[in-house]
Number of protein chains: 2
Amino acid sequence: MNHKPLLDYLNEYINLTVDEETILISKIILRNYLKDQYIVQQGDICKSVNFIISGCTKTFYMDLESQEHIVMFSIEDWWTSDLGSFITQTPADFNVQCIENTQLIQFTFDNLEELYTEIPKLERLFRKIVERAFVASQKRIIRNFSLTAKERYEIFKKAHPKIEQRVPQYMIASYLGITKEFLSKIKSQLIHNQ
Amino acid sequence: MNHKPLLDYLNEYINLTVDEETILISKIILRNYLKDQYIVQQGDICKSVNFIISGCTKTFYMDLESQEHIVMFSIEDWWTSDLGSFITQTPADFNVQCIENTQLIQFTFDNLEELYTEIPKLERLFRKIVERAFVASQKRIIRNFSLTAKERYEIFKKAHPKIEQRVPQYMIASYLGITKEFLSKIKSQLIHNQ
DNA sequence: AAATAATGTTAAACTAGATTAACATCTATT
DNA sequence: AATAGATGTTAATCTAGTTTAACATTATTT
């Protein structure tokens, strides 16, 4: 069982004893998904937070006109879930779908609550993870308001070069909140106008 | 000292013993600000998270063209801070300014860390508060992408009728990510076209 | 290697929302 | 009650980004 990437990740934030690692490992599930499979579907109650060992997912909202709006991409060593649905155990607003074959470690709601009690350090860790996610989300709102699509695209490229390589352009356009045609225009502007 | 609104709020989520309430009260600061005063300024390190007893604040980002972009309003029984700056103790991206005379309870960084250790329940509570804030922030990103300004305005009015009454229109426009002129147009459309 | 599906590009016509600028109303101060 | 400052409205012009539609390229399957 390939828990090492998770334990490495956790040990950057907190120090787990061998006993604590054993408890942790007893309460997690290793799971493989194929490309295009859904980890969460809009309307379902999201049953897990997931740490990605390998692969790539997109989290998106499908609107009434059947348009996909991507909120985030997740790759190795990061988390994916519909956190809103997970914490409130109510139907999900978002879909989480694999865009590559993906291996991940799942923390179910009940197991995680137990883990918080048995290893209080984990509660602190998860608080910090959510804090960071919140901060990133707030900064994104600001970027969407105060920058043009071209500026947002350049920031995205710099911040997530690996994702830019791995993911089709039309999904990046969706993440940026623009059409694929307009992203195409931006790219050709960036090439020609310098 | 007027701690009751805070204790009432906390007791909706967790049950504090009398001893715990005493510890808590020893580590918080009651503070009054006048209209227009800043609780946090962009560039400062944010020293507190603040529970509002009375009054109203706006949290905003000032861009390079000196344009204000409001991320949130906060009123009684809610929190205000630059959480990103607070948790990382790095310079704030946002300003938090009072738009009415405001009384609030401050938790400083060090006091809050101590409180987490002395009253572990508080760590859980703050995790939940941040989780909710994160979820709200994610939903806002989606709304901004998938809805028109008119739709966003109608949702805002329904969700925060009290704030809509208390706050000038041009600030609501900034919160919605549109100009005051366009909000004015939307309002007259809503009156005339039905 | 051909055929199909998935992804990406280009260009013309269109629209939501911005900008500018002039004017209107409301509130606070003297 | 008169003035100044803050807030709100209207209308004309402009622009970033959308829509539509036709075509190009790249993967994938047979």
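Numbers restart at 1 for each chain; the letters A, B, ... are given by sequence-line order, proteins then strands.
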Notebook entry, point to check: How long is the line joining NZ of B:K150 and P of C:dG17, in whole Å?
Noted result: 10 Å

Next item on the list: Scan side-chain atoms only and decide if B:D19 and B:T17 contain a donor-acceptor pair under the 3.5 Å cut-off.
Entry: no

Note to self: In this structure, how many angstroms lie between the P atom of D:dT26 and the CD atom of A:Q165, rounded?
What the structure shows: 16 Å

Next item on the list: For A:T108 and A:D110, run side chain to side chain donor-acceptor pair (under 3.5 Å): C-alpha distance rounded to whole Å, both residues' side-chain angles, the deciding distance at 0.1 Å, then the answer.
Entry: CA-CA 6 Å; A:T108 65; A:D110 293 338; 6.0 Å; no

Next item on the list: Measure the distance from NZ on A:K185 to P on D:dA16 and round it to the nearest whole Å.
Entry: 9 Å

Notebook entry, point to check: With under 30° as parallel and over 60° as perpendicular, where do the rings of B:Y175 and B:F156 fit, or are they tilted in between?
Noted result: tilted

Next item on the list: Take the protein atom OH of B:Y170 and the nucleotide atom C1' of C:dC26, then report the distance between them rounded to whole Å.
Entry: 14 Å

Note to self: Taking only side-chain N and O atoms of B:T179, does any of them lie within less than 4.0 angstrom of OP1 or OP2 on C:dA18?
What the structure shows: yes

Checklist line | Position toward the 5' end of DNA chain D (nearest nucleotide), A:F182 or B:K180 | finding: B:K180

Note to self: Whole angstroms only, please: what is the NE2-C1' distance between B:H69 and C:dG17?
What the structure shows: 15 Å

Checklist line | From C:dG17, C:dA11, C:dG8, nucleotide with atom closest to A:E181 side chain | finding: C:dA11

Notebook entry, point to check: So which nucleotide from D:dT9, C:dT10, D:dG17 ends up closest to the side chain of A:S184?
Noted result: C:dT10

Check: Do A:Y61 and B:F145 have side chains that get closer than 4.5 Å, going by heavy atoms?
Finding: no

Item checked: Between the first and last five pairs of the helix from C:dA1-D:dT30 to C:dT30-D:dA1, the angle of the axes, rounded to 10 degrees -> 40°

Next item on the list: Starting at atom CD of A:Q169, determine the distance to atom C1' of C:dT9, rounded to an integer number of angstrom.
Entry: 11 Å

Margin query: C:dG17, OP1 or OP2 - any side-chain N/O from B:R152 closer than 4.0 Å?
Written below: yes

Checklist line | B:R127/B:E131 ion pair, N-O < 4.0 Å | finding: yes

Next item on the list: To the nearest Å, give me how far apart CD1 (A:I186) and C1' (D:dT15) are.
Entry: 14 Å

Margin query: Any carboxylate oxygen within less than 4.0 angstrom of a Lys/Arg side-chain nitrogen, looking at B:K121 and A:E123?
Written below: no

Next item on the list: Rounded to the nearest angstrom, tell me the gap between atom CG in B:D36 and atom P in D:dG5.
Entry: 16 Å

Next item on the list: Carefully, step by step, assess B:E76 and B:Y9 under the rule side chain to side chain donor-acceptor pair (under 3.5 Å).
Entry: CA-CA 11 Å; B:E76 299 78 34; B:Y9 172 89; over 6 Å; no

